[in-house]
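For reference, the structure is listed below as structure tokens.
Below, each value reflects all heavy atoms present in this structure, side chains not excepted, and no hydrogens, waters or symmetry copies.
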Amino acid sequence: MASGLDALMTGATVLGVALDQRQLSQFARYRELLLDWNTRINLTAITDPAEIETRHFLDSLTCVLAVPDEDRTRPLAALDVGSGAGFPGLPLAIAFPHWRVTLLEATGKKVRFLETVIAELGLTHVRALQGRAEEVAHRSGQRGHYALVMVRALATLPTLLEYCVPFARVGGVIVAPKKGSLADELAAGDRAAALLNAQLLDPITIPDTPALAPLADGRVLLVAHQQRHCPSQYPRPAGAPVRKPLGM
């Protein structure tokens, strides 16, 4: 097995994701590039290879729990908002090479890292896009385009929804992995989702199995369903979603 990625392969199997030898080799190379680049730019605080395997790669793959089985096999368009070092978008792009994945990141140095990984791994179905969500979401070809929109550890739920919902097509899904005490966030998220013409669904709990034990720290997937087109005024200009979150 490539570079000792046993935990990743076992956990992925529990999630219903089959990884072949080529994909495991891509994950191993991704980890090498991440650790190398992280010595020069701040990409991750996690530098233990085993923790990268579980807390970055496997954690990213849990987003697939929000995607119906029949949609996993389709060439769906997916967007990772605020991708940073590529999580969760790049692990999902490796696992689902028939998906068309866009990684949206505002910082130029991180975009160059993402472009390097994409080129080195031969991910022809993936692109890195530089820009802020508040601006890119108003562009033709981006707004209302994606079946799956993902965001990880970026802000509180109402702010995340305002960043992400405008990108989702009607019927699309927005997924935000989160952990901690979420009761107040969920209540505000319900109100924000309604303003954005989306519906917040029940959180998805990570399965309690030994293969996913490294992720058994209270994390869940917060999921919203896009019911109608997002009103054109959202997202508001840069800074407003953080300073004055919807629904709060």
Mark yes when over 12 heavy atoms from residues, nucleotides or ligands other than Asp202 sit less than 6.0 Å from its CG; otherwise mark no.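 For Asp202, atom CG is not crowded (no more than 12 foreign heavy atoms under 6.0 Å).
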Carefully, step by step, assess Leu103 and Gln130 under the rule side chain to side chain contact (heavy atoms under 4.5 Å, CB included). CA-CA 8 Å; Leu103 310 172; Gln130 185 171 354; over 6 Å; no
Is there a side chain to side chain contact (heavy atoms under 4.5 Å, CB included) between Val64 and Arg72 once you walk through the steps? CA-CA 8 Å; Val64 80; Arg72 297 184 188 188; 3.4 Å; yes
Any salt bridge between Arg22 and Asp20, counting N to O under 4.0 Å? no
Between Glu115 and Arg127, does at least one N-O distance fall below 4.0 Å, as a salt bridge requires? no
[X]: salt bridge (Lys or Arg N to Asp or Glu O under 4.0 Å) partners, not counting sequence neighbours:
X      : result
Asp36  : Arg40
Asp71  : Arg74
Glu120 : Arg29
Glu51  : Arg55

Where [X] and [Y] come nearest, the two heavy atoms and their spacing:
X      : Y      : value
Leu58  : Ala7   : CD2-O, 4.2 Å
Val223 : Ala66  : CG2-CB, 4.0 Å
Leu186 : Pro203 : CD1-CG, 4.2 Å
Val165 : Ala198 : CG2-CB, 4.2 Å
Ala95  : Val17  : CB-CG1, 3.8 Å
Leu104 : Ala133 : CD2-CA, 4.0 Å

Contact check, side chains of [X] and [Y], non-hydrogen atoms, under 4.5 Å:
X      : Y      : result
Leu148 : Val175 : yes
Leu160 : Lys178 : yes
Leu221 : Leu65  : yes
Leu8   : Leu19  : yes
Phe167 : Gln142 : yes
Thr62  : Asp59  : yes
Leu129 : Val136 : yes
Pro49  : Arg31  : yes

[atom2] on [Y] to [atom1] on [X], rounded to 0.5 Å:
X      : Y      : atom1 : atom2 : answer
Asp190 : Leu157 : CG    : CG    : 8.5 Å
Tyr146 : Arg169 : OH    : CZ    : 13.0 Å
Leu5   : Thr10  : CG    : OG1   : 10.5 Å
Leu121 : Leu33  : CG    : CG    : 7.0 Å
Asp48  : Thr44  : CG    : OG1   : 10.5 Å
Glu53  : Ile46  : CD    : CD1   : 12.5 Å

Do the side-chain N and O atoms of His98 and Thr73 include a donor-acceptor pair separated by under 3.5 angstrom? no
Would you kindly confirm whether Ile41 and Ile52 end up in one hydrophobic cluster when ILVMFWY residues are joined by side chain heavy atoms under 4.5 Å apart?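 Linked within one cluster.
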Please tell me whether Val151 and Val111 are part of a single hydrophobic cluster in this structure, the criterion being side-chain heavy atoms less than 4.5 Å apart.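 The answer is no; the residues belong to distinct hydrophobic clusters.
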Tell me, please, which residues at least two apart from [X] pass side chain to side chain contact (heavy atoms under 4.5 Å, CB included).
X      : answer
Glu135 : Arg132
Pro75  : Arg100
Thr205 : Val220

Under 3.5 Å, which donor-acceptor pairs link side chains of residues 230-248 to any protein atom two or more places apart or in another chain?
unit_1 : atom_1 : unit_2 : atom_2 : d
Arg236 : NE     : Glu162 : OE1    : 3.4
Arg236 : NE     : Glu162 : OE2    : 2.9
Arg236 : NH1    : Lys244 : O      : 3.1
Arg236 : NH2    : Glu162 : OE1    : 2.8
Arg236 : NH2    : Lys244 : O      : 2.7

Under the ring pair (Phe, Tyr, Trp, His ring centres under 6.0 Å) test, residues paired with Phe113 that sit two or more places apart: Trp37
List in chain and number order the residues that pass ring pair (Phe, Tyr, Trp, His ring centres under 6.0 Å) with Phe27, two or more places apart in sequence or in another chain; answer none if no residue qualifies. Phe57
Evaluate the criterion side chain to side chain donor-acceptor pair (under 3.5 Å) for residue pair His56 and Arg152; output intermediate values, then yes/no. CA-CA 11 Å; His56 279 328; Arg152 187 189 192 208; 3.2 Å; yes
Check the pair Val126, Ile94 against side chain to side chain contact (heavy atoms under 4.5 Å, CB included), reporting the backbone distance first and the verdict last. CA-CA 9 Å; Val126 185; Ile94 294 171; over 6 Å; no
Show me, pair by pair, the donor-acceptor contacts under 3.5 angstrom made by side chains of residues 78-93, not counting sequence neighbours?
unit_1 : atom_1 : unit_2 : atom_2 : d
Asp80  : OD2    : Ser83  : OG     : 2.8
Asp80  : OD2    : Gly89  : N      : 2.9

Asn197 vs Gln227, test: side chain to side chain contact (heavy atoms under 4.5 Å, CB included). Steps then yes/no. CA-CA 6 Å; Asn197 289 341; Gln227 297 182 303; 5.7 Å; no
Quick one: list whatever passes side-chain hydrogen bond (donor to acceptor under 3.5 Å, both in side chains) with Gln23, sequence neighbours left out.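 With neighbours one apart ignored, the set is empty.
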